[in-house]
> 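Mind having a look at this structure? Questions to follow.
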Number of protein chains: 2
Amino acid sequence: MVMNRKCILRLSRYKNALKRLKALGFVKVFSGNLADAAGVTSSQVRKDFSLFGITGNRRGGYKVDELVLRIREILGKNEIHKVVIIGIGNIGNALLRYKGFETGGIRIVAGFDIDPSRYQPERPVPILPLDEFRSYVESNEIKIGILAVPDVAAHHVSEIMIAAGIKGILNFAPIQLRGADDVVISNINLEVELENLIYFVNVADKSVPALVTEDD
Amino acid sequence: MVMNRKCILRLSRYKNALKRLKALGFVKVFSGNLADAAGVTSSQVRKDFSLFGITGNRRGGYKVDELVLRIREILGKNEIHKVVIIGIGNIGNALLRYKGFETGGIRIVAGFDIDPSRYQPERPVPILPLDEFRSYVESNEIKIGILAVPDVAAHHVSEIMIAAGIKGILNFAPIQLRGADDVVISNINLEVELENLIYFVNVADKSVPALVTEDD
DNA sequence: CAGCTATTGATATATTTTTCACAATAATTC
DNA sequence: GAATTATTGTGAAAAATATATCAATAGCTG
């Protein structure tokens, strides 16, 4: 089965698109509707679905509720997933306070930092010393962590995370971390993204054909 | 010339890798060094370079300083690029205060919001009423904007940005925005990224071969 | 300074990803 | 309820992307 990261990313987008379509009153959708809402082709939608064995009705499309449930199941979103953050600076703090995950089965449960002035162990989402990271992760069976420390610390901290048993890291530090054998790492690099925009805005200025980019 | 978004993203990463290699004392690099540092193959590095007419010396590799300068030139990073943010909530505020752009030629110059309690017009990086967005963008010739408003407002605000003359949008709202003809949009969707990690961590649990993902 | 060696740059090959095309078929119409 | 139509599901084709190969050659060695 040829099923890759991009395909999963699209699955998440389909789920989001479905949420919007549902809010608009859709009870069933056709691959074309979803394609429009998610910004892809209808072939792509059907192909993606076929990879995961998602089926609809010929001529009848897909029932929105069933489809959402099926996608959530594939994405493992029918359970709650606990997530921790290391590095409670600007970005880490913002993510710690970010609302809007919970509906989707993602719950940020704790933050960690080395700076004692940032500790807030009594809060509902506590900010704890980095020293306590490993025991917390182990006793709470955390698998996913967000890394939001300065670049110089990033590699070191990623090793701490992996040693503690974290299996998925969302990395905001501006260095490209590489996953170990059984650890998945997603890198989000704001500067790289902005550089990309700058590049394409510049070439557009030079009247090269317009460009639209997707994330992935 | 087959030059796509991914290729530009890699160019940014090469630049970052070069910065690190330089700090390590490298004066010249071979495609293999860069490949290792950036997590790609050496063929990929040379292919990317050839697309932009970047040349080295056979047997002599590439001179780090020249290479960095050339890449910066291609990315348009030898000038300062002014960036604005709309939506000074958690994320927007964090980005407004984020250090580490300036070295790279990116400067966040102002934030905008509809909530008067957030206005701070006297700060070095002022937070201004959204009403003033258009005139500010026009008189300061801003081309790049970060969109960090709640999902329900995202589409509307993106139209305001485009109407004001913004040509590149970095979108943090959890809906997939689509670019107009001459507007480039990059979507960063935290929930989608986390869902992705969750998926791959889950399949890894089920002892499927290990997966490592790259951003893009 | 002739021969050797490592590396680029370019072309060819392989792989991955997307789109196309259409048979199968479920809903709708008459 | 037969004919028609719209939509899925999938295998084949095309396009895009990445890797491998190798001749050309710049630098190194003795």
Side-chain angles (χ1 to χ4, degrees), chain A residues 1-14 18 21 26-64 66-67 70-71 74 176 178 196 209 211-216, chain B residues 1-14 18 21 26-64 66-67 70-71 74 176 196 200 209 211-216:
Chain A
M1 177 162 42
V2 189
M3 170 203 63
N4 53 28
R5 179 168 151 82
K6 271 186 169 169
C7 185
I8 310 288
L9 285 169
R10 282 196 300 267
L11 222 50
S12 287
R13 295 216 203 99
Y14 298 153
L18 282 166
L21 290 171
F26 281 66
V27 173
K28 64 180 188 181
V29 291
F30 302 124
S31 57
N33 302 141
L34 246 181
D36 291 345
V40 299
T41 66
S42 61
S43 296
Q44 183 87 82
V45 171
R46 296 199 301 277
K47 177 68 96 181
D48 286 339
F49 284 2
S50 86
L51 291 175
F52 293 101
I54 295 177
T55 61
N57 277 8
R58 283 176 206 259
R59 177 99 202 231
Y62 308 82
K63 289 187 190 158
V64 172
E66 282 178 16
L67 192 48
R70 183 82 187 86
I71 294 178
I74 291 165
Q176 190 84 352
R178 282 199 256 164
N196 214 245
L211 284 150
V212 176
T213 76
E214 305 287 321
D215 65 44
D216 51 10
Chain B
M1 176 163 40
V2 189
M3 172 203 63
N4 52 29
R5 179 167 152 83
K6 272 185 167 170
C7 185
I8 310 287
L9 284 169
R10 281 196 299 269
L11 222 51
S12 286
R13 296 216 201 99
Y14 298 152
L18 282 166
L21 290 171
F26 281 67
V27 173
K28 65 180 186 180
V29 291
F30 302 123
S31 57
N33 303 140
L34 247 181
D36 291 346
V40 298
T41 65
S42 61
S43 293
Q44 182 86 82
V45 172
R46 296 200 300 278
K47 176 56 85 68
D48 286 339
F49 284 3
S50 85
L51 290 175
F52 294 101
I54 295 177
T55 61
N57 277 7
R58 283 175 207 260
R59 175 98 204 229
Y62 308 82
K63 290 186 190 159
V64 173
E66 282 179 16
L67 192 48
R70 184 82 187 86
I71 292 177
I74 291 164
Q176 190 84 354
N196 215 245
F200 284 112
L211 284 151
V212 176
T213 75
E214 304 286 323
D215 66 44
D216 53 9

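Protein chains get the first letters and strands the later ones, always in sequence-line order, with residue 1 at the start of each. Side chains included, hydrogens not; waters and symmetry mates left out as well; all remaining heavy atoms used.
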> Does a nitrogen or oxygen in the side chain of B:Gln44 sit under 4.0 Å from OP1 or OP2 of D:dT19?
yes

> Atom CZ of A:Arg5 and atom P of D:dT17: how far apart are they, to the nearest Å?
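Spelled out: CZ on A:Arg5 to P on D:dT17 is 17 Å.
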
> For B:Leu51 and D:dA16, give me the distance from atom CG to atom P, rounded to whole Å.
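Roughly 14 Å, once rounded to whole Å.
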
> Nearest-Å distance, CG (A:Leu9) to C1' (C:dT17)?
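One finds 14 Å between C1' of C:dT17 and CG of A:Leu9, rounded.
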
> Among all residues two or more places apart in sequence or in another chain, which pass the side chain to side chain contact (heavy atoms under 4.5 Å, CB included) test with A:Thr55?
none

> Using atom NZ of A:Lys28 as one end and atom C1' of C:dT28 as the other, report the distance to the nearest whole Å.
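Going from NZ in A:Lys28 over to C1' in C:dT28 covers 10 Å.
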
> With sequence neighbours left out, what residues match B:Tyr14 under side-chain hydrogen bond (donor to acceptor under 3.5 Å, both in side chains)?
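B:Asp48.
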
> So A:Arg5 and B:Phe200, do their side chains get closer than 4.5 Å, heavy atoms only?
yes

> Could you run through nucleotides 3-10 of chain D and give me one letter per nucleotide, 5' to 3': B if any protein heavy atom sits under 4.0 Å from the base, S if only the sugar-phosphate is that close, - if neither?
--BBBBBS

> Who are the side chain to side chain contact (heavy atoms under 4.5 Å, CB included) partners of A:Ser42, not counting sequence neighbours?
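Counting only residues at least two positions away or on another chain, A:Ser42 forms a side chain to side chain contact (heavy atoms under 4.5 Å, CB included) with A:Ser31, A:Ala35, A:Arg46.
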
> Could you give the CG-to-P distance, from B:Asn33 to C:dT7, as a whole number of Å?
8 Å

> Between B:Phe49 and B:Leu67, is any pair of side-chain heavy atoms under 4.5 Å apart?
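Yes, at least one pair of side-chain atoms sits under 4.5 Å.
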
> With sequence neighbours left out, write down each residue that passes side-chain hydrogen bond (donor to acceptor under 3.5 Å, both in side chains) with A:Asn33, or none if nothing qualifies.
none

